[in-house]
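Structure first, commentary second.
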Amino acid sequence: MSILGDAAAAVKGAAQGVMAKAIEVAPESWLPGGKPDPLIREQHGAIGKPVSRVDGPLKVRGEARFAAEFAPDGLSYAALVFSTVPKGRVASLELVAAQSAPGVILVMSHENAPRMAPMPRFMSANKAAGGDDLPVMQDDRVHWNGQPIALVLADSQEQADHAASLIVATYETEEAVTSLADAEARGTEPGEFQGEPLKLSKGDAEQALAEAAFKVDEHYSTPRHNHNPIEPHAVTVAWDGDSLRVHDATQAVTHTAWSLANVFGIDEEQVRVTSPYVGGGFGSKTLWQHQILASAAAKLAHRPVRLALSREGVYRTVGGRSPTEQRVAIGADADGKFTAILHTGSTLMSPHSALPEPFIVATRSLYAAQSFFLDTEVARMDMLANTFMRAPGEAVGTVALECAIDELADKMGMDPIELRRRNEPDSDPQGGTPFSMRNLPEAYRVGAERFGWSDRPVPGTRREGEWLIGMGCATSTYPYNRMPGGAARITLSRDGARVEIAAHEMGMGTATAHAMVAADRLGLDVEQVKLDYGDSAMPGVVLAGGSQQTASIGAAVMAAQQALFADLLKLAGNDSPLAGLGADEVEGADAGMRSIAEPDRFESYASILSRAQRDEVVADGEGPPPLESQKWSMHSYGAMFCEVKVNSVTGETRVSRFLASMDCGRILNAKTAASQFRGGVIMGLGLALMEETQFDERNGRIMNPSLAEYHLPVHLDVPPIEVIWLDIPDPHAPMGAHGVGEIGITGTGAAVANAIYNATGKRVRDLPITLDKLL
Ligand code: MOS
């Protein structure tokens, strides 16, 4: 999910004094002309090594407890009943059979649910976490097909599920907008994202296109997608008086706590949300109705409640990615220099959702062009609120843009990598802001050589028996983000350090990477650092989204480490070899501090603590506001290479090889980063070839709410994916590192589509590229 809205608002809204203070505390390296942090110039400590997950053994042994695995005394189990109409009101609810079924504790509906405020909708406030801002069981209104209309609480899950099946609802339906054509006929509006309109123009792009020596002008479409984390959404809640304890599976503990407090009209401090392990989030693990309904039912029943959504429940109540209809037109002069880039089209939102799938965002900064016209128009539909899904915008936007580039290169008879190279911008094409880091041509050079790009066949000419073989490439890109509000606490004792930060581990490797970062900054071994996270009671307001958690945590840990060093130097006093040095003149090494200028001046933490007769020192630090993103155009890049085999008889596509050559700054952990890239690519293969939510336009109902009917890549669908990276640090980012969570899905869809064209000579511009479209 994106957080720049927060960042932009925070920076814009900040008073002068605050800004001055922010500049004071921001590391110089993050500001123009500043000198780079000496710690990011080279690799040291465990940074960059393939360190195995610190949470791995717990997960393998089944000891990592997920949200639906807590069993407080008196636990009860909830099941939901979903509306079967898209709009109207519940006319009657037949509850008696359910109420008298075995084990049933209560049935909750709008008739008896406690009074609650709507969820604060994501991005409407700093800590808002809600997927929408609709009332939750406060009246008889139905807003989408699948909305929860009743909840059954019972002594076992089976009893709850059975009783829920006995509930009969009747409806008074109202006319609903459930088809794309209908929605668009009612008019569209330009989308707004992160406080800025998703519509911009530079020069007269249509005119330049008309006059261009070479041009492409095509339409591309991507379907609706649903979230399928391996762990379906779940929550275990218990009230203690007016205090609410929540074991959640979330990528935003602090946001969830604040938002739940708002819903129930209690103080933020009265809600504690923990979420130490999450089985995948991808943008979907925020606040949806199930956490609220579970908490409401727990309140009514005076019992702890577990609400684990079924897979169908996730489809009914947790939003996904909206479909897009995109036009990309590119004009080029005789040398292939772009004279115009147009990227326009439409997407869908519900009347209460937070995100217009911003498919034009990558196009703003990827290529130089004399003129631009970019526009994401939004139509409204009566449906479950759409939401963030891994690289919202870029994932589907790069499909259209990067296929169009390939099509133009083909028309010009030019290698598509060469066409891209000729349109490398020197600075951000929209405002001229310098790039903090951009090594995309080098990523292509290294990747092309490794992949054997020079062997790419003429389209439709390479064959092995029934199989046509082809290669394609595409650019991958995702912005560098950092969120304001990052904070960390370090407790240093004789045998190591404990770092606390309200951060998240959804399987990405955060806990491992940041134990490594803290160890590196403190001069400790990774085993000597304990990273505690996933608890709203801990410092910081950092969500896991927008691929920004790494930078935000890193900045917070650096600030806490500076505060800790200042305290330690004070404690060390005049008898220390470090006497007279400031916190920025020392670095962590060998379980102590040493002078950066004179490395022989050293004192161990143990020695400082002993002399001061202290067992531990605790320091808090806050990451400075993300000013670097105001000063630099900051992005990550990758060159994606794909080889496919397409069966000439059946139309079946098999991806046979994939290479991702990444430019994402310093890589902190070679093992977990490779897994992140690879996971993104796999999701991109699903986007290209399989994933599609079947949506019944007559009644707004999702027709394939199960993993049997919604196709995702499984092991047999996924070829060896090779991942390499340049490892060139970004001098303007904490640790020199960029996030690696989302970028892998970008560019991948286009690389597959371009490879399919190369194999078959057929362009398919409508995803997923299923076999019927190739026959
Ligand atoms: Mo994400 S879609 O930033 O979790």
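Only a predicted model underlies this, so the values are computations on that prediction, with no experimental measurement involved. FYI, side chains are in, hydrogens and waters are out, and symmetry mates aren't considered; it's all heavy atoms of this structure. For ligands, and for the atoms within them, numbers begin at 1 and follow the listed sequence.
- Close contacts of ligand 1 with Gln251, meaning ligand atoms under 4.0 Å from a residue heavy atom, involve 4 (O).
- Backbone and side-chain nitrogen or oxygen atoms of Gly283 are examined, and one is located within less than 3.5 angstrom of a nitrogen or oxygen of ligand 1.
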Exercise for the section: Test side chain to side chain contact (heavy atoms under 4.5 Å, CB included) on Thr256 and Thr286 and set out the steps. Expected result: CA-CA 7 Å; Thr256 301; Thr286 53; over 6 Å; no
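- A cation-pi geometry, defined here as NZ or CZ lying under 6.0 Å from the six-membered ring centre and within 45° of its normal, does not hold between Arg390 and Phe282.
- The cationic atom of Arg438 (NZ for Lys, CZ for Arg) lies less than 6.0 Å from the six-membered ring centre of Tyr637 and within 45° of the ring axis.
- Of the polar atoms of Glu742, at least one N or O is found under 3.5 Å from an N or O of ligand 1, judged by distance alone.
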Practice task
Determine, stepwise, if the pair Val361 / Leu198 fulfils side chain to side chain contact (heavy atoms under 4.5 Å, CB included).
Solution key: CA-CA 8 Å; Val361 288; Leu198 288 168; 4.0 Å; yes
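- Between Tyr710 and the choices Gln694, Glu692, Glu691, the side chain to side chain donor-acceptor pair (under 3.5 Å) rule is met once, by Glu691.
- Close to ligand 1: Gly546, with a non-hydrogen atom less than 4.0 angstrom away.
- Within ligand 1, counting atoms from 1 as listed, the ones closer than 4.0 Å to a heavy atom of Pro392 are 2 (S).
- Taking a cutoff of 4.0 Å between a charged side-chain nitrogen and a carboxylate oxygen, Lys127 and Glu268 qualify as a salt bridge.
- Short contacts between ligand 1 and Met389, defined as distances under 4.0 Å to a heavy atom of the residue, involve ligand atoms 2 (S).
- Residue contact check: Phe388 has heavy atoms under 4.0 Å from atoms 2 (S) of ligand 1.
- Residue-level proximity to ligand 1 for Arg390 is carried by the backbone, the only part with a heavy atom below 4.0 angstrom.
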